[in-house]
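This report concerns only the one structure given below.
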Amino acid sequence: MNPQLMTRLRPIGYAGVVALVAALPWLGLDLFWMRQLMLVAMLGLVVSGLNLTFGYAGELALGQAAVYAAGAYAAGYVAKNLVNDVVLVMLVAACVAVLVGVVAGAPGIRLGGWMLAIGSFFLVLLVPDFVNLIGEPLGGYEGLSLIPLPQLLGVELDQYYFYVVVVVVTGAWFALFRNLVMSPRGAEFRVLSAGETLSSSLGVSTYRLKLKAYAIGAVPAGLAGAMFAYLDGYVSSTSFGLHTALLVLAASVLGGMHTIYGALLGAALLTLGPMSSSAFEDYSTVAFGAFLLIGGVFLPRGITPLLRNLLARLQPGRPVSTSTQHGSGRFAPVAGGRLDVSAVVKAFGGNRAVDGVSLVAEPGRITALIGPNGSGKTTLLNVVSGYYLADEGELRINGDEVGQLSASRRARRHIGRTFQTPTIPPDLSVFDTIRTGALKKEVGLLATVLRLPSYHRRQRDAAVETEAIMAALGISDRADDEAAALPLGTRRLVELGRALASEPAVLLLDEVASGLDEDEVTELAGVIGRLRTAGATIVLVEHNFDLITSVSDTVYVLAEGAVLASGGPLDIAQDDKVRQTYLGSGPVDRKRADLVDAYLGTE
Ligand code: ADP
Ligand code: MG
């Protein structure tokens, strides 16, 4: 079928499935099974929040069960004492859940990794004590009972209509969740999971994004909490202990934590499967724990990807090309800026890794930094991009001092870079990876999940921009391939494309040629030459002396953190001091002639 038609029909098909599930009681579904499906929906909601924070954003936050409890207690209290309207109660429950999630998560997120895991885990253990401390309003250890039947606009809902509400709310959440995950805003979370260095180099403020993941992940847990409170009219802290925390984690791992609907699949398997029998209950905590260990080892990506692969095999596949076409396209004009580094010092303890370096990089010029291992090249790049603050000296871009800005600020305004080891998040296509370079241009969360017109406009603009970059790099035929799985040479081009997508004033390339074979280096020389012609300011850190002397306009030779020599590439190649320190006494490689050809062929 025509893919565009598929895109149009998708929401209709989805709504049809939700409507069908909602109508099941009128098609003969009995009360027992209605209850089972509601339990699946509730667990699935809680799990989907974990999939977002842990699966996609990589935050080991285990407090989802406590957030679920917060939603249930808030809903029970409000319905009983304040206002009993299912929509309002769910809204309040979601808000309280977000609050609890964020307040409990913020310190852990600041401290990072294990602190977050441990902190959020303690949150789960604290629930009963906290509830008891509040005492009467929440029912203490006895539990909060006599929660009234749900009402909607003043009309009491019987079990059947409550079931419909549960199905519709769950369906709506998963639609929005999908819209988030399958969007540039979703890609942002995957960028986060690839590490702080990458996210800040793409202009993402890591702390804020982590908090956002935590807040969004709390919403479905809050909704499920409200459903829980209404389902039996009773909330007790024993329902949200370690057992539930493990159940949620096990369902996430089983369904696949990097999935959307896998949350429902995992929830269904654990709710309806053999483990739900009462005989099993006594052993369930131990069993979930054992299951987690086994699942983590043998099924690290869960069941859903297995099913997906199976389905993909049944469908006729799209032909996948294996060759990389040679890049020969032109780059659109680039507005490069002037970089001034003056007398920069960066010391690690007593080791002055960068010791008073001054250099200038200009638009339409390639400025190279060479030097033996440990001479301070990467450290200098890290100072320029803002991972390290310089101890002394100044950094200016187009005359503006940028030395005090955070790395993500500098990235948003001025600097694009690639890494010595390509850093590409998993599960993103080449197209989507390159597009993450332009995160600052993407529309907001609300426009994204609701697919507002501004979202579709941005999709069209981004397609034009991203395709132009891929064409210029010669990787258009790889657009749909998973970027992280490509060969090194192509991954380096993808990283270069991602850096370009941010339209940087200064482009920093760290060891772009390392690990590439001769043909790939030749191709890269061509790409870099065309970028220069387009007007980019390129700072090239390179080990490969042939590449440097073939393409650069100015070369700075670093040794022990200081500039040993600088000048045109040919002068540098003939400089005795440089030859001794850097090249040893060996002859310059024969391949240089090819590189010069590839490079000159671009002008
Ligand atoms: P290059 O990229 O030229 O190989 P680097 O900039 O990586 O060199 O390293 C320069 C010096 O700084 C080396 O002596 C290295 O050990 C030291 N160095 C680099 N990064 C750190 C760090 N994070 N902590 C301590 N020392 C470091
Ligand atoms: Mg280095």
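Read the numbers this way: they start at 1 and go in the same order the structure lists the ligands and their atoms.
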Starting from the N and O atoms of ligand 1, find every protein N or O within less than 3.5 Å and list the pair with its distance.
unit_1, atom_1, unit_2, atom_2, d
ligand 1, 2 (O), T378, N, 2.9
ligand 1, 2 (O), T378, OG1, 2.8
ligand 1, 3 (O), S375, N, 3.3
ligand 1, 3 (O), S375, OG, 3.4
ligand 1, 3 (O), G376, N, 3.1
ligand 1, 3 (O), K377, N, 2.9
ligand 1, 3 (O), K377, NZ, 2.9
ligand 1, 4 (O), N373, OD1, 3.4
ligand 1, 4 (O), G374, N, 2.8
ligand 1, 6 (O), T378, N, 3.4
ligand 1, 6 (O), T379, N, 2.8
ligand 1, 6 (O), T379, OG1, 2.5
ligand 1, 8 (O), G376, N, 3.3
ligand 1, 14 (O), N351, ND2, 3.2
ligand 1, 23 (N), Y388, OH, 3.2

Are R352 and D391 close enough for a salt bridge, meaning some N to O gap below 4.0 Å? no
In terms of side-chain geometry, is the basic nitrogen of R498 or E495 positioned less than 4.0 Å from the acidic oxygen of its partner? yes
For E520, enumerate each residue passing the side-chain contact (heavy atoms from CB on, under 4.5 Å) test, keeping only those at least two apart in sequence or located in another chain. L516, D517
Presence of salt bridge, E362 and R365, under 4.0 angstrom: no
Does the pair R435/D432 count as a salt bridge with the N-to-O cut at 4.0 Å? no
Got a sec: is N373 within less than 2.8 Å of the Mg ion (ligand 2) via an N/O/S atom? no
Lys/Arg-Asp/Glu bridge criterion (N-O < 4.0 Å) met for E394, R396: yes
